[in-house]
Structure formats: structure tokens, C-alpha cells
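This report refers to the structure that appears directly beneath it.
All residue numbers in this chain count up from 1 along the given sequence. For clarity, every value in this text was computed on a predicted model and none was experimentally measured. Atom set for the values below is all heavy atoms of this structure, side chains included, hydrogens, waters and symmetry mates excluded.
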Amino acid sequence: MNKFIESIKNIFAIEDLRTRILNTLFFIAIYRLGVYVVLPGVDPTQLKTGAQGLFGILDTLLGGAFSHASIFALGIMPYISASIVLQLLTIAVPYFQKLQKEGESGRKKINQYTRVLTIPIVLAQSVGFIATINAEAIINPGTFFTVSTMIIITAGTLFCMWLGEKITDKGIGNGISMIIMIGIVSRLPGAIIGEAAAKGVNKSLIFLLEMVVLFLVVMAVIVLTQAVRRIAVQYAKQVGGTTQLDAQRQFIPLKVNAAGVMPIIFAQSLMFVPAIVASVWQNQSDTASYIGVKFSDYTSWQYNLTFGLLIIIFTYFYTAISVNPNQIADDLKRSGGFVPGVKPGRDTSEYIDEILTRITLPGAVALALIAIFPALALLLGVTRPFSAFYGGTSLIIMVGVVLDTVNQVQSYLLMQHYDGMMKSGKLRGRTAQPISIAS
């Protein structure tokens, strides 16, 4: 405990780091205040108390902004959608592939395209959001309300983008991810209090057991997020002028879960298709009615089996488009590096691809298990709001953002010759810097 207190003192002793943390807290406070600013023309007393299904997941990621009909009702999610589209375009369209290889200037252009694409996406999604508002909650429905609400929601999303960029530039951590994480964390205290109240004094032991299981699940997600397979890389001796540099040995870190949370997001998007299609034919076919019922219940084994298989498939797909073994092999060859015992070029690419394929399977299975764990927790008696934190998108995003932020703070401390926040552990940043993987 003394070491932790000393680390906190060291953090605030560094002026730049202290300023960045205070800036981050200030920007987060602005975002959280905006979540509770209701759209003009909407009566908040007539709004639904909670969202279900896909809207419930979206509301959790937005920290309640969706169900509150806030000016930040769509938050940063349209920007995330635009980012996914641009990322896929860098795989399929040669122009965007060229931009990606241009380095910093290319990334700036891609970011600009992402911002522009966000506008039509949020305009389209705002129409759908207006359709979800209770008719009783809209004071004066009509064209003026629809157009003005679309403009306000679009402005709110652009403002959230600006806040995210400001956090990245002036604060600590990745701003976009930080905004999503804060929205998720804002629901955690209420979920814990609700779970404790539901269990009561008679079931306090069960509540303590649930907290222990939650802790173990969080530890498992941390292990999955941090796990890497290191491929040793040797660099030949180099002679520069009169100086001869000895051979250096580094490594390529291949993440076990290189796809992150994206496979769960893609799979969740597709899981609503069977229920929607079946609802069209439910009055004409018993099979369609059966499918509609089972795929509308995310605790059914049919839903979870399909969900898990989709996550495994999308994990392989997203890993394939985000990690390019050919490019890694080419970069190694140009920089004079090689994998011991493997020929440079094509053999190195095949070797990396083989290892990546092997480590992706356990990573994909673990990701699928984490994604379906909230449904299992709900079946075992955990309340719905609290069960959402036992896995899925929410927990993986929370863990990833926290680890990234801790790594950045750790780097600041080490640069100022302070001890890190943790004496033990394998947080990246305390070890030698690995060579980067171009995606």
C-alpha cells in the first residue's frame, strides 16, 4: 500500500503528467454532463426506463445517453462505424492502401476521411434514433422536430469527437476509447448496488462469491489482452563509419487476441438478423416462430452457440486483415533482420503466418467464452445490469483502455526516473521496446 501511495505522489510530482490527468478529468466531466442534457422538444418524464437488445448494448456503451434522449444520444459510435469502414477500405481499395503506407501524412488523410464519413452516418442513424423515442415523449412531433434533432445529434457526435481528440492530445490515454470506457464505468456502481440490494442480507455470501467470480473474469480478460507470442529476431552486425555495431536480438510480439473487441461487435450485429427475418415469416411457419423465439433470447443455447462460432470466425477474419505477415517479413528484410533458422522473405512470412494461425485459435475460443459469460451469469441468478460486466464488449473495452492508460502513466514515470506503478508484472513498457508490427 505504501508503494502505491508513493506512486500516486510521483505521478502528481510530474508537472506535465499532472496537467494531462487534470485535463482528462475536465473533458470527461464535460462529456458526462452532456449525457444528461435532454434533446429540445422531448419530455424526459415520458421516456422509457431502459433499452433492450441491441439498443440496450448501445445504451451501456454510451453511459445511458441513448435512453436519456441526450444531445449525445449516439455519442462517439458513428465515428467508430466510420473508422471500421475506412479500415476495411484500406484492405480492399488500392488508394487507401497507398495512404496507409505513406506514414503520418497518410494517417492524417485517413483520419480526415473518417471525420467526413461520420457526418452522413450520424445523420442516417439519428433518423433511426428518433423512431425509437416514445411518441408521448415528443412534445411537438413533425418535420421541424425531426430536422432539428438530426442537426443537434450530429453536432453532439462531432463534439464528442472533438473531446476525444482533445483527451488524446492534451490528456492521457486514447480519447475515443476513454469516452466509451467512461460511459461503461458510469453504470458499474449502480449495477453493484442493485445486485447487493437484490441479494439482501440473507444472500450476502452469494453476493461476495459473485464479486470473487467477477474479479477472476477480469483477471482472465487481462491475461487475454496482454498475452503475446514472441518471435525472436536477429539483426546482423552493421558498420557505420569507423563504428561497428554488434548484432542485436529483438522480438516480434504477436498478440493472442490481435482482433480485440471487434469480433464481438461484428457478431452482435449479425445476431439480430435471424430474429428479424424470422419475425417476417413467424405467422406462416412454425420453424420461423421457433427461430424467432430462440434468437430473441440471448440466454438460449442456440443463440450462444451461434454467437460463439461467429466470434471465432470474425476473430480469424479481423486478424487476417489487421496483421500482414508479408509486410512484416518485408520490413524485416529491409532492416537487415531475420528469424533464426528461417530464410528471409517468403519463408519468414509463412513462418509468421503459421504461428499466427496457431495462437489465434485459443484466443478466439477464449474471446467467445468471455462474450457468452454474461448470459451464463444471468441464468445463474445475477441481475441483468450486473451480468453485463461479467464479459462481452463492455468488460474487454474497460480492461483494454485501463491497461493502455496505465502503460502511458508508467512510461511517464520511467522517463522521469521514478519507479513504475507496479514493481512486478509484465506490463509492456518496463521491458525493451519490441519492434512494431505494421498493419
**OP:** Report yes if the side chains of Phe314 and Ile264 come closer than 4.5 Å at any heavy-atom pair, otherwise no.
**Re:** no
**OP:** Could you tell me whether Arg358 atom CZ has more than 12 heavy atoms of other residues or ligands within 6.0 Å of it?
**Re:** no
**OP:** Would you give the length of the straight line joining atom CD1 of Ile396 to atom CD1 of Ile222, rounded to the nearest 0.5 angstrom?
**Re:** 12.5 Å
Subject >> Donor-acceptor pair, side chain of Thr154 and main chain of Ile119, under 3.5 angstrom >> reply: no
Original post:
For Ser177, does its backbone N or O pair with a side-chain atom of Asn174 as donor and acceptor, under 3.5 Å?
Top reply: yes
**OP:** Specify the closest pair of heavy atoms between Leu74 and Leu62, including all atoms of both residues, with the distance to one decimal.
**Re:** O-CD2, 3.6 Å
Subject >> Heavy-atom pair with the smallest gap, counting every atom of Pro40 and Phe145 >> reply: O-CE1, 3.6 Å
Original post:
Between the main-chain N or O of Asn407 and the side-chain N or O of Ser411, is there a donor-acceptor pair closer than 3.5 Å?
Top reply: yes
Subject >> Phe317 vs Met262 side-chain heavy atoms within contact, under 4.5 Å >> reply: no
Original post:
Do you know which of Asp353, Thr348, Ile355 makes side-chain contact (heavy atoms from CB on, under 4.5 Å) with Tyr351?
Top reply: Ile355
**OP:** Report yes if the side chains of Tyr412 and Ile172 come closer than 4.5 Å at any heavy-atom pair, otherwise no.
**Re:** yes
**OP:** Using atom types as modelled and distance alone, determine if a side-chain donor or acceptor of Thr90 lies under 3.5 Å from a backbone N or O of Gln97.
**Re:** no
**OP:** Please state whether the rings of Tyr31 and Phe72 are parallel, tilted or perpendicular, taking 30° and 60° as the class boundaries.
**Re:** parallel
Subject >> From CD1 (Ile328) to CG (Leu356), nearest 0.5 Å >> reply: 7.5 Å
Original post:
Do Ile184 and Phe389 touch side chain to side chain, with heavy atoms closer than 4.5 Å?
Top reply: yes
Original post:
At their closest point, which heavy atom of Ser387 faces which heavy atom of Val382, and how far apart are they?
Top reply: N-CG1, 3.7 Å
Original post:
Given the rule in the side chain to side chain contact (heavy atoms under 4.5 Å, CB included) test, do Tyr316 and Thr357 qualify, once you have shown the distances and angles that lead to the verdict?
Top reply: CA-CA 8 Å; Tyr316 273 97; Thr357 302; 4.2 Å; yes
Original post:
If we only count heavy atoms from C-beta on, is the Thr132 to Phe66 side-chain gap below 4.5 Å?
Top reply: yes
Original post:
Checking Ser186 side chain against Gly183 main chain: does a donor-acceptor pair fall under 3.5 Å?
Top reply: yes
Original post:
Does the Ser335 side chain pair with the main chain of Leu332, one donor and one acceptor, at a distance under 3.5 Å?
Top reply: yes
**OP:** Indicate the atoms forming the closest heavy-atom contact of Thr315 with Thr319, along with that distance.
**Re:** O-OG1, 2.6 Å
Original post:
Knowing that exactly one of Gln327, Lys333, Arg334 qualifies, which makes a side-chain contact (heavy atoms from CB on, under 4.5 Å) with Asp330?
Top reply: Arg334
Subject >> Stepwise side chain to side chain contact (heavy atoms under 4.5 Å, CB included) check, Asn257 with Thr225 >> reply: CA-CA 6 Å; Asn257 180 28; Thr225 304; 5.5 Å; no
Subject >> Spacing of NZ belonging to Lys343 relative to OG belonging to Ser349, to within rounding of 0.5 Å >> reply: 15.0 Å
Original post:
Taking all atoms of both residues into account, what is the closest heavy-atom pair of Gly63 and Val35, and its distance?
Top reply: O-CG1, 3.8 Å
**OP:** Could you grab the distance from atom CZ of Arg18 to atom CD1 of Ile21, nearest 0.5 Å is fine?
**Re:** 9.5 Å
Subject >> Student check: side-chain heavy atoms of Ile180 and Ile80 closer than 4.5 Å >> reply: yes
**OP:** Search all heavy atoms of Ile311 against all heavy atoms of Ala371 and return the closest pair with its distance.
**Re:** CD1-CB, 3.3 Å
Original post:
Any side-chain heavy atom of Arg187 sitting closer than 4.5 Å to one from Ser394?
Top reply: no
Subject >> Val218 side chain near Val399 side chain, heavy-atom distance below 4.5 Å >> reply: yes
Original post:
Atom CG of Leu376 and atom CG of Asn304: how far apart are they, to the nearest 0.5 Å?
Top reply: 8.5 Å
**OP:** Check the pair Leu47 / Asn134 against side chain to side chain contact (heavy atoms under 4.5 Å, CB included), numbers first and verdict last.
**Re:** CA-CA 6 Å; Leu47 293 171; Asn134 289 18; 5.6 Å; no
Subject >> Polar side-chain atom of Asp404 near backbone of Gly400 as donor-acceptor pair, under 3.5 Å >> reply: no
Original post:
Hey, is the main chain of Gly173 close enough, under 3.5 Å, to the side chain of Gln408 for a donor-acceptor pair?
Top reply: yes
**OP:** Hey, can you tell me if Tyr390 and Phe386 have their rings parallel, tilted or perpendicular (30° and 60° cut-offs)?
**Re:** perpendicular
Subject >> Reported SG-to-CD1 distance for the pair Cys160 and Ile176, which is rounded to 0.5 angstrom >> reply: 8.5 Å
